[in-house]
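Beneath this line is the structure, given in structure tokens, with notes to follow.
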Amino acid sequence: MKFTDGFWLMRDGVEASYATEVRDLRVDADRFTAFAADKRIQRRGDTLNSPLLTVDCFTPAEGVIGVRVTHHAGKRRPGPDFRLPGEDAGTGTVRRDGTRVELSSGPLSVHLDEAAPWQLSFRDADGREVTSSGGKGTAFFRTGDGAHHMAAQLSLGVGEQVYGLGERFTPFVRNGQVVDMWQADGGTSSEQAYKNVPFSLHVSPAGAYGVFVAHPGRVSYEIGSESVGQMQFSVEDQSLEYYVVAGPTPKDVLRRYTALTGRPALPPAWSFGLWLTTSFTTQYDEETVTSFVDGMAERDIPLSVFHFDCFWMREYQWSDFEWDPAVFPDPEGMLARLKARGLRISVWINPYIAQKSALFEEAAAQGYLVKRPNGDIWQWDLWQAGMALVDFTNPEACAWFRSKLKVLLDQGVDCFKTDFGERIPTDVVWHDGSDPERMHNYYTHLYNQVVFDLLEKERGRGESVLFARSATAGGQQFPVHWGGDCWSSFGAMAESLRGGLSLSLSGFGFWSHDIGGFEGTPDAAVFKRWLAFGLLSSHSRLHGSSSYRVPWEFGDEAVDVAGKFTKLKHRLMPYLYGAAVEAHTTGVPLMRPMLLDFPDDPTARALDRQYMLGPDLLVAPVFSADGDVEFYVPEGTWTHLLTGERVEGPAWRREQHGFDSLPLYVRPGAVLPMGADASRPDGDWLTGLTLLVTPDTEDVTVTVPDQHGGVAATYRVVRDGTTREAAVVEGHGVDEVTVKRL
């Protein structure tokens, strides 16, 4: 939200109070509190009839400095608040030297001089300023409508670029943008977002840091868009809390941020295979589903998961969690028949209860539905006729909701697509008294957690996976998330990738999208190009709205492309699952923007049409029918995985690829483990294992994970000085390994 009119003036009706002078400073062993007046105090009378800002500086975790700015502390705080599983109070150290105070935590410190004009200076381990909150950086504003806003500004250095803030489809670099944290079902072609995460990643020639605004409601960002040298964030509240997260590299920032807010669970290996759905409004029954599964098998396209979308339930009754008996008269038998073919089963759900659903009366009688202030159940007709909203702040409602889903798990369902959760009203009363404005964004966290917890209880850790659309900070703990409703075009394909890369810089380790696009029907070229992109993503799903996405609908070549890249992904599983374990243990995402691995390369910082898949594979999707693609390779000799062609970087390249190819390059010095079993993602990765060695590999240790996140085998690959060939010199199962130069 903008408060100023240019650099000198305020907007009409806006009154500003800026922290200007420290009037008192309280120092403890691991924190300090400053009391700041909003003007220079020259005489005793100046202390009257004027506000005092309370600024607490503390350390919630190593390498993280928290700042809480409060105007009136007496405001009721009903919640919700972000849960921080990694919070560890007492990790900081305070040092005072005369008028100066310094709070340090790991490589990050914050400095304040009570004798100088107001400034919080955040510095790295070498004493260099990372960012600062200066003369107008700590403030509150009153607007003409009587609203009270807390705001902070952090300086942007020369060349500093800002990323993240959730899954956003607008330009990848956030500088110059206005961004509001407010969940919305806005598709992928607008400024709205399904996944609003108030965490920004900052990268500059001097290094990297992060900023997490710990407010689950609407946070309004002005990123060099009001004061061009500042990132401003504001909330309509009496208090504002934010955390500065240390680098020095972007990966270090994500490690610390996800350690604080929660690391992604490790999805099961089977979930990395190809998912096929019924699509949304298409006609389907068991005969249709079986024909799809048969068609995939007949065409030699391995399939891992079959998903039933909304109309597995009866019309007007979402959600009642009962199969439509007219379409699926024998659901248990059908599921058993599908599972006998080695498939896992996913079904669509949402947290809404339509009035026609038998569950509506049951939930209403028990008080499990969200109510209006006058006691009426909140309802509307948008999406489902007379639908109401499950109140996940009520523990009994959570248990009730889980009990309905458990019936489906007992029938043979393996996982859930947790759709929706964005359009949450604010004219309501929550069971636990939560603030409706703060709950609007946070509701999705409770929704996904309820479902994920059930899966972990019933299926066990490592066997639980969602296909979730909405999320906020901390939601990365409940993977996987997909990119929402996109069009079936090359433009939508590119904006989907932008959104996924943005989400990955917001702490999310696993991400997917609808191959071919959701709305409309893609032409064959779009579908085939999207297949290669989708099967070189974290998770891969064929899904549409009003038309099917089985490959043969798009021609024989689409069938060949689907089979080729599905099998390639399966063979890459020893490598991909290793990257998945890294995401689970460190927070560094599986599918990552180039800047994460090449932060010192200025060109890499703006790239949003290519990515690294794990640490060693560069993927550049083709966004054209004719196969022309322009992409960038960083320094070194890169080797094409499919052709063995070598290219030298740093350089921009323009290539042309058929539908069965795309730029897919192995990083210089890498050793890529590839399995022999192309038929499934969760096969035996060690039998027939091949280690692909790039030409300039010298001495590399490679770990192949087991399917529980542990270590199945470790190999050390060194160069033989005589033959210039690579050789395995140690490791489990050495005799069964083939070493091959790319």
> For residues 126-165, which residue pairs qualify under ring-ring contact (aromatic ring centres under 6.0 Å, His included), counting only residues two or more places apart or in two chains?
Replying inline: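 Every ring-ring contact (aromatic ring centres under 6.0 Å, His included) pair that includes a residue of residues 126-165, provided the two are not neighbours, is Phe3-Phe141, Phe3-His149, Tyr18-Phe141, His71-Phe140, His71-His148, Phe140-His148, Tyr163-Phe172.
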> Which pairs pass ring-ring contact (aromatic ring centres under 6.0 Å, His included) with one or both residues in residues 186-210, sequence neighbours excluded?
Replying inline: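 For residues 186-210, and leaving out neighbouring residues, the ring-ring contact (aromatic ring centres under 6.0 Å, His included) pairs sorted by first residue read Phe199-Tyr257, His202-Tyr209.
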Using only atom types and a distance under 3.5 Å, with no angle test, would you say the side chain of [X] pairs donor to acceptor with the backbone of [Y]?
{"X": "Arg609", "Y": "Ala620", "value": "no"}
{"X": "Glu160", "Y": "Ala206", "value": "no"}
{"X": "His481", "Y": "Trp511", "value": "no"}
{"X": "Glu62", "Y": "Thr91", "value": "no"}
{"X": "Lys195", "Y": "Arg469", "value": "yes"}

Applying side-chain hydrogen bond (donor to acceptor under 3.5 Å, both in side chains), name anything that partners [X], two or more places apart in sequence or on another chain.
{"X": "Ser104", "value": "Glu102"}
{"X": "Ser50", "value": "none"}
{"X": "Thr258", "value": "Arg263"}

> What residues form a ring-ring contact (aromatic ring centres under 6.0 Å, His included) with His445, not counting sequence neighbours?
Replying inline: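 His445 satisfies ring-ring contact (aromatic ring centres under 6.0 Å, His included) with Tyr442, Phe478 only.
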Does one side chain, of [X] or [Y], offer a donor that lies under 3.5 Å from an acceptor on the other?
{"X": "Ser506", "Y": "Arg168", "result": "no"}
{"X": "Thr472", "Y": "Asn196", "result": "no"}
{"X": "Ser220", "Y": "Asp180", "result": "yes"}
{"X": "Thr59", "Y": "Ser105", "result": "no"}
{"X": "Gln477", "Y": "Arg83", "result": "no"}

> Between Phe392 and Tyr447, how do the two ring planes meet: parallel, tilted or perpendicular, split at 30° and 60°?
Replying inline: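 Parallel.
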> Is the shortest side-chain N to carboxylate O distance from Arg76 to Asp435 below 4.0 Å?
Replying inline: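 Salt bridge between Arg76 and Asp435, a charged N being under 4.0 Å from a carboxylate O: no.
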> Would you call Glu236 and Arg218 a salt bridge, using N to O less than 4.0 angstrom?
Replying inline: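 Result for this pair is no, no salt bridge flagged.
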